[in-house]
Amino acid sequence: MIDETLGDYWRGIKPILKEINQQERTEHYDERIEYAIKQFEENNIDYKLCNVSNGHFNLYKDKKVVMSFWSWTGKCYIPSTGFSDNIGIRNCIKKYRKMFINA
């Protein structure tokens, strides 16, 4: 009988889950970029795909970069506030609309 604590279990399983997650993102990489483009266009957000290799987008308001988004990780960065977090495309769009459209 193996006496394993919950901490030991998670230390063992964490690398496996991380690898599975990485593989899942890699397999759907192009779809993530296409989905982000579709979402920006549906929400009338000016954007530019700056780097295809990491899915980096710049979002514009009045021809000025106001946010960056990475479709690979779901990370959003807002230079004016220093906000940087993994929030995903939907929350990125909500934050953009709140800050720059509904302000």
Side-chain angles (χ1 to χ4, degrees):
M1 177 179 231
I2 299 176
D3 185 22
E4 190 175 73
T5 67
L6 190 56
D8 292 334
Y9 169 78
W10 283 111
R11 277 188 285 284
I13 197 77
K14 186 177 178 180
I16 296 167
L17 294 174
K18 188 174 180 179
E19 184 177 326
I20 290 169
N21 189 21
Q22 172 106 12
Q23 181 179 353
E24 186 75 16
R25 281 198 321 256
T26 301
E27 288 175 0
H28 299 286
Y29 184 75
D30 291 336
E31 294 169 18
R32 293 169 74 92
I33 289 176
E34 290 171 17
Y35 183 73
I37 289 170
K38 179 182 173 189
Q39 292 302 306
F40 294 141
E41 289 176 354
E42 285 179 0
N43 287 279
N44 297 317
I45 297 173
D46 291 334
Y47 70 91
K48 177 183 176 187
L49 177 56
C50 300
N51 188 332
V52 175
S53 67
N54 66 6
H56 174 222
F57 290 85
N58 278 335
L59 309 182
Y60 294 84
K61 178 68 177 171
D62 300 327
K63 298 183 181 182
K64 180 181 176 189
V65 175
V66 293
M67 294 176 81
S68 291
F69 178 75
W70 286 264
S71 63
W72 174 255
T73 61
K75 187 168 188 164
C76 177
Y77 174 69
I78 305 168
S80 63
T81 65
F83 175 81
S84 179
D85 204 359
N86 294 356
I87 61 174
I89 186 72
R90 290 183 186 147
N91 287 323
C92 176
I93 290 171
K94 285 180 186 176
K95 190 168 278 294
Y96 178 94
R97 294 179 68 75
K98 182 178 179 182
M99 292 181 72
F100 305 108
I101 295 177
N102 300 329

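Nearest heavy-atom pair across Pro79 and Val66 is CD-O, 3.3 Å. A pairwise comparison of heavy atoms in Gln39 and Ile93 identifies CB-CD1, 3.5 Å as the closest pair. Closest non-hydrogen pair, Ala36 versus Phe69, comes out as CB-CE2, 4.4 Å.
Applying the side chain to side chain contact (heavy atoms under 4.5 Å, CB included) test to Ile13 and every residue at least two apart in sequence or in another chain returns Tyr9, Trp10, Ile16, Leu17.
Cluster annotation: Met67 is connected to Phe83 through the hydrophobic network of ILVMFWY side chains, with a link wherever side-chain heavy atoms come within less than 4.5 Å. Two different hydrophobic clusters hold Ile37 and Tyr60 under the rule that ILVMFWY side chains link at heavy-atom gaps under 4.5 Å. A continuous path of Ile, Leu, Val, Met, Phe, Trp and Tyr side chains, each step under 4.5 Å between heavy atoms, connects Ile33 with Ile45, placing both in one hydrophobic cluster.
Rounding to the nearest 0.5 angstrom, the gap separating the OG1 atom in Thr73 from the CD1 atom in Ile87 is 10.5 Å. Note: Leu59 CG to Cys76 SG = 7.0 Å, rounded to the nearest 0.5 Å. Atom SG of Cys92 and atom NZ of Lys75 lie 12.5 Å apart (nearest 0.5 Å). Here Leu49 contributes atom CG and Ser71 contributes atom OG; the two are 7.5 Å apart, rounded to the nearest 0.5 Å. The distance from atom CE of Met99 to atom CD1 of Ile78, rounded to the nearest 0.5 Å, is 4.5 Å. From Asp46, atom CG reaches atom CD of Glu41 across 10.5 Å, with rounding to the nearest 0.5 Å.
The number of heavy-atom neighbours closer than 6.0 Å to CD of Glu19, taken from other residues, nucleotides and ligands shown, is 12 or below.
Side-chain N or O atoms of Asn54 include one that pairs as donor or acceptor with a backbone N or O of His56 at under 3.5 Å.
The salt bridge (charged side-chain N to carboxylate O under 4.0 Å, His left out) contacts involving residues 55-69 comprise nothing, where partners must be two or more places apart or lie in separate chains.
Across Phe40, Tyr35, Tyr96, a single residue satisfies ring-ring contact (aromatic ring centres under 6.0 Å, His included) together with Phe57, and that is Phe40.
Between Lys94 and Asn91 the shortest side-chain heavy-atom distance falls below 4.5 Å.
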Begin from the C-alpha positions of Trp70 and Asn86 and carry the test side chain to side chain contact (heavy atoms under 4.5 Å, CB included) through to its verdict. CA-CA 9 Å; Trp70 286 264; Asn86 294 356; over 6 Å; no
